[in-house]
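Worksheet for the structure shown next.
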Number of protein chains: 2
Amino acid sequence: MSYCYEFPRPALTVDCVVFGLDDEDLKVLLVERGLEPFRGQWALPGGFVHLDETPDEAALRELREEAGLIAVFLEQLYTFGEVARDPRERVVTVAYYALVKLSDHRVQAATDASAADWHRAARLPPLAFDHARIVETALKRLQGKVRSKPIGFELLPPKFTLSQLQKLYETILARPLDKRNFRKKILGMDLLVELNEVQQGVPHRAARLYRFDEKRYRALRKAGFNFEV
Amino acid sequence: MSYCYEFPRPALTVDCVVFGLDDEDLKVLLVERGLEPFRGQWALPGGFVHLDETPDEAALRELREEAGLIAVFLEQLYTFGEVARDPRERVVTVAYYALVKLSDHRVQAATDASAADWHRAARLPPLAFDHARIVETALKRLQGKVRSKPIGFELLPPKFTLSQLQKLYETILARPLDKRNFRKKILGMDLLVELNEVQQGVPHRAARLYRFDEKRYRALRKAGFNFEV
DNA sequence: CCAAAAGTGTTTCACTTACACCCATGA
DNA sequence: TCATGGGTGTAAGTGAAACACTTTTGG
């Protein structure tokens, strides 16, 4: 069976830049290509948009199929449509970026990708297609968004310390922040719940744990509050 | 002749939200549909992405063909891909927004649209497809962008008064601004060149004319300057 | 007791906001 | 001379940035 149209159509795909954060760095999830072109090279997880799904759904599905990831923060990034971005044929891709808690997800390389692994966002290997440019765009977007929306919490475990949070911002924004000013600002927003728990297993004074108060954020935002770091 | 593929493909289109500003209001360019579906209804200018052009190029081409517009500010907005957004078949559209100087462009209704006209952005007629949602998204984006980038000037004639500029921001942001503070802030940015000319043909004191200094903006931006209204 | 990170306030400066009157011009 | 918008400065408040030492804990 084949599908025929009066005019030629570009193929439509999705590609996902999945960010995770570990103790050292901001990471990006890459899969090793099993097929030509760019066989053996690293690429973003992604694939074709089916007729019965939206691009959003296609992105979620690909993340599930290629990396076993579910229920992550996902946002459309940009649509890349250079005529020659795929050497085989005309392919337009809707790019997404996603945030996952690395603490949850040890990635299992899944069915249609031969391997999936996390790479330091700051030092990625050469990527297939125009994926390097997509990652670059995603990083910029993340840097902007993380300052104006509390999406950074998607990268942390549910309970975290203020130092972890600060390090997150320092890592993503690639600049140091003042500890006292940071804590003042964050705590002043009244978005964190102070837990009666402390960090475990550290070889020094244990820090207090906090959690992000999602409901409170929604309430404040309704009342005109604007998150800004 | 027809084009056959192993798997079915969504059609890919572009749609443009073109903003213009006249003495009263922010306007959006709409075309009247000559064909089913939604025949006779207003819609955004747009059309199919050809195989030999990028979505950006397709958007520029459609603007030229449908409205006789050229060389405008154009930026990709978002890709809309709801499965049922077109009742005929699966169509994914890459939406753009554009800014034009209404002073230049009296729109000529062009070839493949039966009519094109400007409508108040705040009170649009019912639109075909999901175009109302696209316009809504474009308006929000414009409101954000106009504050963080000096794109508002694209809506004004090359020479303009500070009152015109202020009115532009008040119109787009839909809130009043303080005259003295506005002038202080804008002039303090050192982005406007004070011309030795004044407004003509007004029945009261003529205001001084300014122009936006594009080169200066690029230089300042390189040096870390951030436009913010 | 030492190393390592946690936790904590104050001052300074820049920027934002609020606010009201006189001026120039054409009709 | 009148109506209409053009043009101007100051004071108060708010938020950002700079900055260093003490505390707690495990090893």
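The side chain to side chain donor-acceptor pair (under 3.5 Å) test applied to A/E82 returns no partner, not counting sequence neighbours. The side chain to side chain donor-acceptor pair (under 3.5 Å) test applied to A/K184 returns A/N181, not counting sequence neighbours. For B/R147, there are no side chain to side chain donor-acceptor pair (under 3.5 Å) partners, not counting sequence neighbours.
One can place CG of B/L165 at 12 Å from P of D/dG6, the figure rounded to the nearest angstrom.
Although no hydrogens or angles enter the test, the distance criterion places a donor-acceptor pair under 3.5 Å between the side chain of B/R216 and the main chain of B/D190.
A salt bridge links B/R61 with B/E65: at least one charged nitrogen is closer than 4.0 Å to a carboxylate oxygen.
Listed by residue number, the members of residues 221-229 of chain B with any heavy atom below 4.0 angstrom from DNA chain C form an empty set.
Tested against A/F153 for a ring pair (Phe, Tyr, Trp, His ring centres under 6.0 Å), the candidates A/Y169, A/F160, A/F73 yield a single pass: A/F160.
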A correct 5'-to-3' footprint of nucleotides 4-10 of chain C, with B, S and - meaning base, sugar-phosphate only and no protein heavy atom under 4.0 Å, is BSBBBBB

Could you go through residues 219-229 of chain B and list every donor-acceptor pair under 3.5 Å that involves a side-chain atom there, pairing it with any protein atom two or more places apart or in another chain?
none

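A tilted orientation is assigned to the rings of A/F212 and A/Y217, their planes being inclined by 30° to 60°.
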